Amino acid sequence: MEHPTVIVGAGMAGVCAALAISKHAPVLLADIPSPEAASMAAVAGLANPIIPRRANLVWRCCEALKALEKLSLELEVPPLHHGLLRPATSWDAMEGYRARAASHPEIARWHGPEASAEAWPWIETPFGTLEVLEGGAFDLQAFVRAGIGRLESRGASIRADWLLTGWRESLDAVEAVFQGPDGPHTFPCSRLILAAGAGFRNFPELARLRLHPLKGQLLVVEVDHPPDGVRPVSGGGYMVPMGNRMVIGSSYEHQFHGAGPRAEVTDELLSRATKSMPWLEAARVVDERAGIRVTVPGTRLPMVGPLPGHRSTWILSGLASRGLLMAPYLAANLSDWIADPNAIPKELHVTLG
Ligand SMILES: Cc1cc2nc3c(=O)[nH]c(=O)nc-3n(C[C@H](O)[C@H](O)[C@H](O)COP(=O)(O)OP(=O)(O)OC[C@H]3O[C@@H](n4cnc5c(N)ncnc54)[C@H](O)[C@@H]3O)c2cc1C
């Protein structure tokens with residue numbers, strides 16, 4: 001009997017990969033709960049096809065948006081909001097945004113300062129606003145939950161309390177070693193896919209890859225009477241309205257001690273958001289979350305492929321702040337890349353740090 005593909009990490013990357021592979025091969029998805037898990041921190045996040053500063057498009061954003069939309073329909077996790085606003089923060093940004101709207105009218109529309117103030121009086125936009133027509137806001141955890149539910153109904157094996165402690169690859173097989181609540185398990189796999197997020201730091205073989213942990217924190221606030229028509233905003237952080245609650249994110253901490261949220265960061269995020277949305281002064285903080293994203297310095301794109309010197313042990317990481325856009329896209333292509341690793345785009349190649 002064919003050994004299953006074993007995927008380690010039930011975050012956005014691992015769940016999307018497991019969903020794709022389980023369509024035509026047996027899968028085991030193993031995870032251990034961790035306070036570092038990025039997917040557990042991102043209560044609501046943005047799928048933003050436009051990179052904030054110069055308004056460049058995210059790599060392969062059209063394919064990524066299509067993959068996200070397909071997953072959203074498949075798992076019945078609709079967007080919380082379609083589209084988002086990106087206020088310009090300077091005259092320079094304004095020029096870049098205007099140019100992007102002209103070159104990609106199907107993705108973005110430019111609104112000058114006056115039109116912007118009239119359309120969205122609840123936010124200060126002295127330099128105008130880029131209205132992003134594609135993407136939007138999603139409940140990232142709802143994807144993970146729905147994905148796991150779908151995997152279970154497809155008969156995939158799920159171990160929610162197995163810690164990967166190591167692996168051994170021989171010429172034609174891989175064995176993954178787990179610590180479960182009932183003791184250690186050595187599990188033969190046809191392929192091992194490591195989608196363990198910040199957990200890469202616990203394995204010397206992964207720690208030498210060009211991967212970098214980046215802590216992020218967000219908060220959830222409650223406002224008794226939010227203004228009408230509030231929409232998701234990306235700019236100097238982000239804001240996603242969910243009824244009378246708003247998710248406000250997020251910090252980028254390269255140096256950190258501990259994975260938990262910190263009061264100073266909460267204050268900073270709230271005060272930054274209040275500058276452009278003064279009505280947030282009345283907000284009460286009801287939740288704070290933090291997690292560790294993984295980035296690939298240099299490319300700022302994910303990293304996918306066999307580990308150096310291996311054939312059947314793969315890394316799937318580096319989704320950074322774009323888990324929503326990148327995980328469905330990577331998963332949609334993963335089976336083809338497994339069949340022919342030469343087809344993996346060079347931008348995503350596995351590199352040493
Ligand atoms: C505050 C914050 C805000 C964010 N906002 C957005 C946003 O607006 N839009 C967006 O697209 N993205 C956002 N992100 C990023 C997004 O959350 C990540 O890109 C995505 O969750 C990465 O998923 P992942 O599966 O690679 O990693 P993770 O979600 O970290 O999942 C890894 C999993 O592996 C498990 N694991 C680790 N080690 C082991 C081991 N040895 N054995 C077994 N299991 C293990 C972990 O417990 C975890 O469950 C945000 C992140 C944060 C922290």
Side-chain angles (χ1 to χ4, degrees), residues 6-18 28-49 52 58 64 68 80 84 135-141 143-144 147-148 158-167 176-180 185 192-203 206 211 213-220 232-234 237-240 247-253 256 259 261 265-266 269 287-296 302-304 315-331:
V6 173
I7 297 170
V8 177
M12 193 67 190
V15 166
C16 289
L28 179 134
L29 176 66
D31 188 84
I32 192 86
S34 156
E36 297 185 343
S39 302
M40 291 300 106
V43 183
L46 295 181
N48 183 359
V58 167
L68 174 61
L80 298 167
L84 56 105
F138 287 85
D139 180 341
L140 199 146
Q141 287 168 22
F143 272 119
V144 171
I148 291 175
I158 315 257
R159 301 284 183 274
D161 47 12
W162 275 19
L163 170 77
L164 180 81
T165 55
W167 60 87
V177 186
F178 292 100
Q179 182 64 41
H185 297 265
L192 175 64
I193 299 180
L194 303 168
F200 81 89
R201 295 172 299 162
N202 299 321
F203 300 99
L206 303 186
L211 296 173
L214 183 58
K215 184 174 171 184
Q217 181 170 327
L218 56 71
L219 58 141
V220 183
V233 176
S234 155
Y238 72 84
M239 190 275 289
V240 176
V247 176
I248 297 173
S250 68
S251 64
Y252 288 83
E253 300 168 51
F256 53 87
V265 178
T266 292
L269 290 170
D287 196 5
E288 301 160 288
R289 306 269 179 109
I292 302 177
R293 325 160 174 101
V294 180
T295 65
V296 179
M303 182 184 281
V304 184
I315 183 88
L316 174 61
S317 187
L319 280 73
S321 300
R322 299 207 185 97
L324 281 165
L325 273 180
M326 287 298 136
Y329 170 75
L330 299 175

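Being a predicted model, the structure only gives us computed values, none of them experimental. We use all heavy atoms of the structure for the numbers below, so side chains are in, but hydrogens, waters and symmetry mates are not. All ligand and atom numbering here is 1-based and tracks the order in the structure.
- Within the listing of ligand 1, atoms 42 (N), 43 (C), 44 (N) sit less than 4.0 angstrom from a heavy atom of Val8.
- Of the possible donor and acceptor atoms, one in the side chain of Ser251 sits under 3.5 Å from a partner among the backbone N and O of Gln217.
- Protein heavy atom nearest atom 25 (O) of ligand 1, with residue, atom name and distance: Ala13 N, 2.9 Å.
- Every atom of ligand 1 is numbered from 1 in the order shown, and the set under 4.0 Å from a heavy atom of Gly323 is 10 (C), 11 (O), 12 (N), 19 (O).
- Ranking protein heavy atoms by distance to atom 45 (C) of ligand 1, first place goes to Ile32 CG2, 3.8 Å.
- Ligand-side atoms of ligand 1 in range of Gly199: 37 (C), 38 (N), range being under 4.0 angstrom from any heavy atom.
- Polar contact with ligand 1: absent for Leu325 (N/O pair, distance under 3.5 Å).
- Put simply, the side chain of Leu211 reaches to within 4.5 Å of the side chain of Ile315, judged on heavy atoms.
- The closest heavy-atom contact to atom 15 (C) of ligand 1, among the options Ala38, Gly45, Ala320, comes from Ala320.
- One N or O on the side chain of Ser39 and one on the backbone of Met12 form a donor-acceptor pair closer than 3.5 Å.
- Put simply, no part of Ala47 is less than 4.0 Å from ligand 1, judged by heavy atoms.
- Between the side chain of Thr165 and the main chain of Val177, a donor-acceptor pair closer than 3.5 Å is present.
- Close approach of ligand 1 to Gly216 is summarised as follows: ligand atoms under 4.0 Å from at least one heavy atom of the residue are 1 (C), 53 (C).
- Of the protein's non-hydrogen atoms, Arg293 NH2, 4.1 Å is the one closest to atom 2 (C) of ligand 1.
- If you run side-chain contact (heavy atoms from CB on, under 4.5 Å) between Val247 and each of Val220, Leu80, Asp139, only Val220 comes through.
- A heavy-atom distance below 4.5 Å is found between the side chains of Phe203 and Leu164.
- In this structure, Phe143 and Pro328 have side chains that are not in contact, with every pair of non-hydrogen atoms separated by 4.5 Å or more.
- Looking at Trp167 and Leu194, their side chains come closer than 4.5 Å, going by heavy atoms from C-beta outward.
- Put simply, the side chain of Phe178 does not reach to within 4.5 Å of the side chain of Ile32, judged on heavy atoms.
- At under 3.5 Å, a nitrogen or oxygen of Leu324, whether backbone or side chain, sits near a nitrogen or oxygen of ligand 1.
- Residue Asp31 has at least one N or O atom closer than 3.5 Å to an N or O atom of ligand 1.
- Distances shorter than 4.0 angstrom occur between a heavy atom of Leu163 and an atom of ligand 1.
- Inter-residue side-chain proximity for Leu68 and Phe138 is flagged as met; some heavy-atom pair is nearer than 4.5 Å.
- Looking at Val58 and Asn48, their side chains never come closer than 4.5 Å, going by heavy atoms from C-beta outward.
- The residue among Leu46, Leu164, Ile292 with a heavy atom at the shortest distance from atom 42 (N) of ligand 1 is Leu164.
- Assignment of Ala195 to the shell around ligand 1 is supported, since a heavy atom sits closer than 4.0 Å.
- Remark: among candidates Trp162, Phe143, Tyr238, the nearest residue to atom 5 (N) of ligand 1 is Tyr238, based on non-hydrogen atoms.
- Shortest contact from atom 34 (O) of ligand 1 to any protein heavy atom: Gly9 CA, 3.2 Å.
- Of all the heavy atoms of Gln217, the ones lying under 4.0 Å from any atom of ligand 1 belong exclusively to the backbone.
- Between Val15 and Ile148 the shortest side-chain heavy-atom distance falls below 4.5 Å.
- Atom numbering of ligand 1 starts at 1 in the shown order; those under 4.0 Å from a heavy atom of Ala42 are 4 (C), 17 (O), 50 (C).
- Proximity annotation for atom 22 (C) of ligand 1: of Ala10, Ser39, Gly11, Ser39 comes nearest, heavy atoms only.
- The single protein non-hydrogen atom nearest to atom 37 (C) of ligand 1 is Ala196 O, 3.1 Å, given as residue, atom name and distance.
- For the pair Thr266 and Leu219, the tightest heavy-atom approach, listed with the atom from each and the gap, is O-CD2, 3.9 Å.
- Between the side chain of Arg293 and the backbone N or O of Ala38, no donor-acceptor pair lies under 3.5 Å.
- For atom 27 (O) of ligand 1, the closest heavy atom belonging to the protein is Gly197 CA, 3.7 Å.
- Given atom 13 (C) of ligand 1, the protein heavy atom at minimum distance is Ser321 O, 3.6 Å.
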